[in-house]
Protein chains: 2
Amino acid sequence: MPDATILMTPKARDLLQKQERSASVVGFEEAVVDFFVDAADLLGVPKSVAVLYGIVFASPQPLSFADIQARGTLSKGSVSQGLRVLREMGAIKEVSAPADRSELFTPDLEMRRLIQRFLEQRLEKQLAAGKSRLGALQRALPNLEKSHAETLRSRLEQLQSWHEKARALLPIARTYLKLAPG
Amino acid sequence: MPDATILMTPKARDLLQKQERSASVVGFEEAVVDFFVDAADLLGVPKSVAVLYGIVFASPQPLSFADIQARGTLSKGSVSQGLRVLREMGAIKEVSAPADRSELFTPDLEMRRLIQRFLEQRLEKQLAAGKSRLGALQRALPNLEKSHAETLRSRLEQLQSWHEKARALLPIARTYLKLAPG
DNA sequence: CCCCGAGTTCAATCTAAATTGAGCTAAAAT
DNA sequence: ATTTTAGCTCAATTTAGATTGAACTCGGGG
């Protein structure tokens, strides 16, 4: 490795790497990161994960662990955990390294599947929980005095109706996602 | 008011009130509260608000501020703030008090409108923010070197495509909500 | 006019979750 | 075999946000 950077501390190398990226590239990356941070916030995904995904998404080349850490935005721990989460979700994939170097990550652009999996994980679990709660309510109802039972029965029905609507929405969304390009 | 409770401290009255509710009524309420707490958690709504709504929803009669506070689950501050939030959302409404007593609250069962408003507030804001972010990205693109621009352009397009899909989903959901009873 | 209690406000506190980084592990380099 | 380093783990810290409750406001009753 007859390379001047070998004499530098890792920190110095990182800084160099950072400065080498042109202002426009950095600016673009920042904008992408902001976009994903916003979206993550809506979906309840931790910010660090969104930042990480933004960095990978904004890079034309696959990035290594070190590359990402060199951005200086995230701690080693966050990078490690975040990459794991993203891999497990299928949001990024590792492209086999050209030579000896460590694994490189690039976004998995099958976003359709990604989003689908995400929705299903969250909603499906939620709907299952809701269903059992409604069951409990159903069972609690007969024990109430007559005067109360009537109003409450109708409210419970309302809850059930909404629950069903929500459940019906999942397949619709699924179908919808299959249409149109992307 | 030739009523024994008039001689009690407010605290004592509250406790009495609490004990008077039968076990089955309390149990029903708890189950309803749990249901809404679960749902709120998915939607990112504070737990105290969900509890509050659950209490109101589970009561066959409209409840006063004091009634709710008497449940002992929430502090005065939380009740006050929570009721305001729920009123602003249109999740509960005040029924005009029969005589001199303070205002009474009951769930506003026009859930369709409620849910619609909720979705639109969150998603609409999100989509607007996303749109401007995408604009920024679009503008940042031309400044990148040719070698990078191609890949990134296509990724950006992908982002835009998803953004459009999300936007298209809103009206679909709206239409869907109009159908079916509830 | 002053007092009392219902309800509001908001600074202080608590809570849950995210984030960090020191130390560990395992594998590559010498 | 030993050193070096990349990456993982998890206890400790930080942070963001929810919750509390003491001090206040305001309207009605005496």
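All chains are named by letter (A, B, ...) in the order of the sequence lines, taking the proteins before the strands, and each is independently numbered beginning at 1.
Here the side chain of B:Pro46 is nearest to one of D:dT19, C:dA18, C:dT8, namely D:dT19. Closest to the side chain of A:Phe65, out of C:dG7, D:dC8, D:dT19, is D:dC8. Closest to the B:Lys76 side chain, of the nucleotides D:dT9, C:dT9, C:dT8, is C:dT8. For B:Ser80, the side-chain atoms get nearest to C:dT9 when compared with the rest of C:dG21, D:dG21, C:dT9.
Distance, A:Glu94 CD to D:dA6 P: 18 Å, rounded to whole Å. Here the C1' atom of nucleotide C:dG7 and the CG atom of B:Leu74 are 15 Å apart, to the nearest Å. Atoms CG (A:Leu104) and P (D:dG7) sit 10 Å apart, rounded to a whole Å. The NZ atom of B:Lys47 sits 8 Å away from the P atom of D:dT19 (whole-angstrom rounding). What separates CD of A:Gln81 from C1' of C:dA22 is a distance of 14 Å, to the nearest Å. Here C:dA28 presents its C1' atom at 14 Å from CD of A:Glu103, a figure rounded to the nearest Å. Put simply, CZ on A:Phe105 is 8 Å from P on D:dG7, counting in whole angstrom units.
Residues A:Glu124 and A:Leu170 have side chains in contact (heavy-atom distance under 4.5 Å, counting atoms from C-beta outward).
In this model, the phosphate group of C:dT19 is approached by a side-chain N or O of A:Ser48 to a distance below 4.0 Å at OP1 or OP2. Phosphate proximity of C:dT19 to A:Ser78: absent, as no side-chain N or O sits under 4.0 Å from OP1 or OP2. The side chain of B:Arg84 contributes an N or O atom lying less than 4.0 Å from OP1 or OP2 of C:dT9.
Positionally, the nearest nucleotide of DNA chain D for A:Arg87 lies more toward the 5' end than for the other of A:Arg87 and A:Asp41.
B:Arg122 places a side-chain N or O within 3.5 Å of a backbone atom of B:Leu43 that can act as its donor or acceptor partner. A:Arg71 places no side-chain N or O within donor-acceptor distance of the main-chain N or O of A:Leu52, the cut-off being under 3.5 Å. In this structure, A:Asp34 contributes its side chain and A:Ala31 its backbone to no donor-acceptor pair below 3.5 Å.
The structure places OG1 of A:Thr106 at 10.0 Å from CZ of A:Phe57, a figure rounded to the nearest 0.5 Å.
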